[in-house]
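Each chain gets a letter, A, B and so on, in the order the sequences are listed, and its residues count up from 1.
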There are 2 protein chains.
Amino acid sequence: MRERNKLSERQRGILRFMETYLDMQGFPPTIREIGEATGINSTSVVNYNLNKLVEAGLLQRASAKSRGIRLTSTAKSLPKAVIAARTTARVPLVGQIVASAPVAVPDDVGYYYDEDDMLEVSLAMLGGFDAAEVFALRVKGDSMIDAMIGDGDIVLFRKQNYAENGDMVAVWLDERGETTLKRFYHEGDRIRLQPEHPTMKAIYVDPMHCLIQGRVLSVIRHI
Amino acid sequence: MRERNKLSERQRGILRFMETYLDMQGFPPTIREIGEATGINSTSVVNYNLNKLVEAGLLQRASAKSRGIRLTSTAKSLPKAVIAARTTARVPLVGQIVASAPVAVPDDVGYYYDEDDMLEVSLAMLGGFDAAEVFALRVKGDSMIDAMIGDGDIVLFRKQNYAENGDMVAVWLDERGETTLKRFYHEGDRIRLQPEHPTMKAIYVDPMHCLIQGRVLSVIRHI
DNA sequence: TTGACAATAGAATGAATGTTCGACTACAAT
DNA sequence: ATTGTAGTCGAACATTCATTCTATTGTCAA
């Protein structure tokens, strides 16, 4: 697209270094810093190549000013025009998953949630369900690590107290006294709960002691 | 809103001048330039107030470097009208993570993405970065399982070829011939790559054979 | 071969720039 | 009155930094 092709290896290197330095430091590098980073032993050579880049329209220089180099707009990765679309929904962030307690989901419809507890998510993450029947939980601790869900992750659920085979569900196991996230399989007169993590083994429970609280729609992790 | 109120008249003036100078010139002003613009007659006074602004968390300084001043993100006047209006962004879904190949990110400017390859995400998931510098990858297979990232997951990256300690990054290890997602730690003359999964052990690599491809912003999993 | 030119290295120069220190003022608290 | 602190000024100092000049090397065309 651009004329980066016609540039020398060193000039491309200078450009690349400029971008990362600017991004990291917030101000441009000196001629010497460019030289060290790109393996050029003489400031005059850096100066020479810098001027070449100015000729190519990729840089601008403020003469006799330290660090007086800037990337031309054509050299920056410019934001493309992005068209908006109204495709977000707000779901209640009702609390945290604690392995040793049932998930407390306000069962009532028309519940009123505080503005601060709402989570704005892309509609695609709701899997086609109405936002009113979706809620979110923040995972506390590493108890769900065998479901590849870590501390601080946010899980989106659809409220439901049943499950199809293969569904990923949050279940309260009153025999064990904990909530867990597993894949659900009805096998004869018992239920197999299969961890998401392939190296973990399944557990088997009695349907009477297995309270499904919701089906997992998505997992979101902010790093 | 912010604590600009507690700043002195001069400090506010310095901040204002910094913003316009940075915007006009593309690089930060010198201490003397700040002094002239704000009517301060002594470089030491500028230096003094600059340090006050650093204490207030509004500036960062790189000591003994010319023009080594940068605005903290909180100090920048955001184009809030634009940002607040939009709640979703579209980022390119450039492909898949394959453990045995470097991530192919179109580095060039003016790249045109197909509409079908765009992923619509909530703006909050971009961590404040411009959508133009964010890209998404779909994970294929279980190679990233020690980062708690499974088959089919979507990972959002910010394009960058460096990392701070503790960053979660995608790195290409040419000695091993694979791309991996790890937390990045610079330790002396080598780099420690720490898996996200707490039971996995770190690996150590030579900086020369460690090509950072991007920093992880978020992980999205649709069940 | 010769000449022109691009690319590079090394060193010297002078201006630009951040840092430090002593002294002074204004003001509030003790 | 005394003390302490924030803010200021001026000057000296020590580097950092861009610029410039000379010389060397390699390439390509005449």
_Whole angstroms only, please: what is the NZ-C1' distance between A/Lys65 and D/dC17?_
13 Å

*Could you check how far CD1 of B/Ile31 sits from P of C/dA15, rounded to whole Å?*
21 Å

*Could you please name the option among C/dT8, D/dT8, D/dC17 that lies closest to any side-chain atom of B/Tyr48?*
D/dT8

*B/Ile34 versus B/Pro29, closest heavy-atom pair with distance*: CG1-CG, 3.6 Å

*Could you check which of D/dT19, C/dT20, C/dT8 has an atom nearest any side-chain atom of A/Asn47?*
D/dT19

_Is there, by distance only and without an angle test, a donor paired with an acceptor across the side chain of B/Ser66 and the base of C/dG18 below 3.5 Å?_
no

*asked:* Base contacts versus sugar-phosphate-only contacts with protein, heavy atoms under 4.0 Å: please encode nucleotides 23-28 of chain C as B, S and - from 5' to 3'.
replied: ------

*asked:* Just the rounded figure in Å: distance from P of D/dT16 to CZ of A/Arg67.
replied: 11 Å

*CZ of A/Arg12 versus P of C/dA7: gap in Å, rounded?*
13 Å

*When you measure from the side chain of B/Asn165 to the backbone N and O of B/His186, does any donor-acceptor pair fall under 3.5 Å?*
yes

*Between A/Lys52 and C/dA7, is there a side-chain N or O to OP1/OP2 distance below 4.0 Å?*
yes

*Report the distance from atom CZ of A/Arg32 to atom P of C/dG10, rounded to the nearest whole Å.*
14 Å

*side chain to side chain contact (heavy atoms under 4.5 Å, CB included) between B/Arg183 and B/Met168, intermediate numbers included*: CA-CA 4 Å; B/Arg183 286 206 182 272; B/Met168 173 98 141; 4.0 Å; yes

*With respect to the side chain of B/Ser42, which nucleotide from D/dG10, C/dG10, D/dG7 is positioned closest?*
D/dG10

*Evaluate the criterion side chain to side chain contact (heavy atoms under 4.5 Å, CB included) for residue pair B/Leu58 and B/Gln11; output intermediate values, then yes/no.*
CA-CA 10 Å; B/Leu58 295 166; B/Gln11 286 159 12; over 6 Å; no

*Does a distance-only test, which skips hydrogens and angles, find a donor-acceptor pair under 3.5 Å between the side chain of B/Ser44 and the base of D/dT8?*
no

*For B/Asn49, which contact category applies under a 4.0 Å heavy-atom criterion: base, sugar-phosphate, or nothing?*
sugar-phosphate

_Toward the 5' end of DNA chain D, by each residue's nearest nucleotide, B/Ala64 or B/Arg10_ = B/Arg10

*Do any side-chain nitrogens or oxygens of A/Arg61 fall under 4.0 Å of OP1 or OP2 in D/dC17?*
no

*Would A/Arg16 and A/Glu19 pass as an ion pair if we require N to O under 4.0 Å?*
no

_Distance check needed: C/dC5 C1' versus A/Glu55 CD, whole Å only._
14 Å

*B/Arg10 backbone acceptor or donor facing B/Thr38 side chain under 3.5 Å*: no

_For atom CD1 of A/Ile40 and atom C1' of C/dG10, their distance in whole Å_ = 14 Å

*Is the NZ or CZ atom of B/Arg67 both under 6.0 Å from the centre of the six-membered ring of A/Phe27 and within 45° of that ring's axis?*
no

*Return the nearest nucleotide to the side chain of A/Asn41; candidates are D/dC9, C/dT19, C/dG10.*
C/dG10

*Charged N to carboxylate O under 4.0 angstrom, B/Glu133 versus B/Lys159?*
no

*asked:* Distance check needed: C/dG18 P versus B/Gln60 CD, whole Å only.
replied: 17 Å

*Would you kindly check whether a donor in the side chain of B/Thr43 faces an acceptor in the base of C/dT17, or vice versa, at under 3.5 angstrom?*
no

